[in-house]
Amino acid sequence: MTSTRTWAPARIAVSGTYSTGKSSLTEALSIATGIPRTHALTSREILAEINPRKTVMELDSLELIELGIRRYSERLTNENGMTRFVSDGSVIHEWVYGAARAQTGINPGAPRVLQMLTRAVGLRNGRAYTKYLDLFGELVCERASSMYDAYVHLPVDFPLIADGHRPVSEPFRALSDTLLRDAVSTTGLPVLVVRGSVEQRLSTVIEHFGLPQITETQEAVAIADERVRMAHRRLDEDARRRADERGRSVVRTLKYAARY
């Protein structure tokens, strides 16, 4: 626990990289306390609107920047003017995932040989991509300091869900976690790091911040689990349908490996 300050913040951002349980905790926290939950559309949901022919793993650097900007813009729209909310992620996340890719490779979940090919192709444009990310990082950290009252951070305690749709790897998750924690620390906001089961995390957050509770912890977690499970099921079904429509081939794989 990195903060011992006990108070009742009105705008809480739940931080953590892929597969750390952000959706489960924010959903349960909202149900338990009555505080509205906010979130941005997932990358897959946004991509289905702007370029349904591609997966996140096939995007080049400019398309990834567009994706990050769209998610950032959506968060601003969703949270602007709200006086109470618990956010699934934060504006800093839209920078972190791009910054981590600048170090691990544009597609950290790809086989090593394809990652090497992508790095070679991207040597010319990599510096401009990194410069943009540096500027974007300063912007989101400054914005976060005024948008939120406190952060709850979820470290990497669980293995990555191997569903074939998360374009990341364990080294990418570890790096993202470090970047998130370092970036959040620059905002000057109080940070609570929580571990354990969803029930344990929920109880810790409510007790630490002195939040009002209108639904019992066990009930809130059960409802949240079902909602998150249904949302993931819809995303997975849509991803499989789109994959069948696109088809797979060696040529397609190499085509998207040779981009930056």
Subject >> Any residue meeting salt bridge (charged side-chain N to carboxylate O under 4.0 Å, His left out) with Glu226, in chain and number order, not counting sequence neighbours >> reply: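 Salt bridge (charged side-chain N to carboxylate O under 4.0 Å, His left out) check on Glu226 returns Arg229.
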
Original post:
Can Leu29 and Leu202 be said to form a side chain to side chain contact (heavy atoms under 4.5 Å, CB included), step by step?
Top reply: CA-CA 6 Å; Leu29 187 57; Leu202 179 59; 3.6 Å; yes

Please confirm whether the backbone N or O of [Y] pairs with a side-chain atom of [X], one donor and one acceptor, at under 3.5 Å?
X	Y	result
His208	Ser203	no
Arg195	Asp157	no
Thr187	Ala183	no
Lys22	Leu154	no
Gln200	Ser197	yes
Ser30	Glu27	no
Ser145	Glu142	yes
Arg11	Met147	yes

Is it possible for you to say whether [X] and [Y] belong to one hydrophobic cluster, with membership spreading through side-chain heavy-atom contacts below 4.5 Å?
X	Y	value
Tyr129	Phe136	yes
Leu180	Phe158	no
Val91	Met82	yes
Leu179	Tyr18	yes

**OP:** Output yes when Asp88 and Arg75 qualify as a salt bridge under the 4.0 Å nitrogen-oxygen rule, no when they do not.
**Re:**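 Judged by the 4.0 Å cut-off on N to carboxylate O distance, Asp88 and Arg75 do not form a salt bridge.
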
Original post:
Any salt bridge between Arg71 and Glu74, counting N to O under 4.0 Å?
Top reply: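 The answer is no: the pair does not qualify as a salt bridge.
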
**OP:** Tell me, with the steps shown, if Leu175 and Arg101 meet side chain to side chain contact (heavy atoms under 4.5 Å, CB included).
**Re:** CA-CA 9 Å; Leu175 175 60; Arg101 280 182 168 82; over 6 Å; no

Any heavy-atom pair between the side chains of [Y] and [X] that's under 4.5 Å?
X	Y	result
Glu79	Ser87	yes
Asp149	Leu189	no
Ile65	Tyr132	yes
Ile92	Tyr151	yes
Arg181	Val191	no
Leu211	Ile12	yes

Write down the atom of [X], the atom of [Y], and the distance for their closest heavy-atom approach.
X	Y	answer
Val198	Ala28	CG1-CB, 4.3 Å
Leu133	Gly98	CD1-O, 3.3 Å
Arg84	Ile35	NH2-CG1, 3.1 Å
Ser24	Asp225	OG-OD1, 4.3 Å
Tyr97	Ser176	CD2-OG, 4.2 Å
Ala220	Thr215	N-CG2, 4.0 Å

**OP:** Evaluate salt bridge (Lys or Arg N to Asp or Glu O under 4.0 Å) for Arg234 paired with Glu237, printing each intermediate quantity in order.
**Re:** CA-CA 5 Å; Arg234 287 193 295 270; Glu237 290 174 351; over 6 Å; no

Going from [atom1] on [X] to [atom2] on [Y], what distance comes out if it is rounded to the nearest 0.5 angstrom?
X	Y	atom1	atom2	answer
His93	Tyr72	NE2	OH	15.0 Å
Ile31	Glu219	CD1	CD	8.5 Å
Thr20	Leu25	OG1	CG	9.5 Å

Pair [X], [Y]: side-chain N/O donor-acceptor within cut-off below 3.5 Å:
X	Y	answer
Arg37	Thr26	yes
Thr33	Gln213	no
Ser90	Tyr148	no

**OP:** For His153 and Leu192, run side chain to side chain contact (heavy atoms under 4.5 Å, CB included): C-alpha distance rounded to whole Å, both residues' side-chain angles, the deciding distance at 0.1 Å, then the answer.
**Re:** CA-CA 6 Å; His153 184 72; Leu192 174 68; over 6 Å; no

**OP:** Give a yes or no on this: more than 12 heavy atoms of other residues, nucleotides or ligands lie within 6.0 Å of atom CD of Glu199.
**Re:**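 It does: Glu199 CD has more than 12 such atoms within range.
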
Subject >> Audit row: Trp95, Leu139, side chain to side chain contact (heavy atoms under 4.5 Å, CB included) steps and yes/no >> reply: CA-CA 9 Å; Trp95 163 76; Leu139 172 66; over 6 Å; no

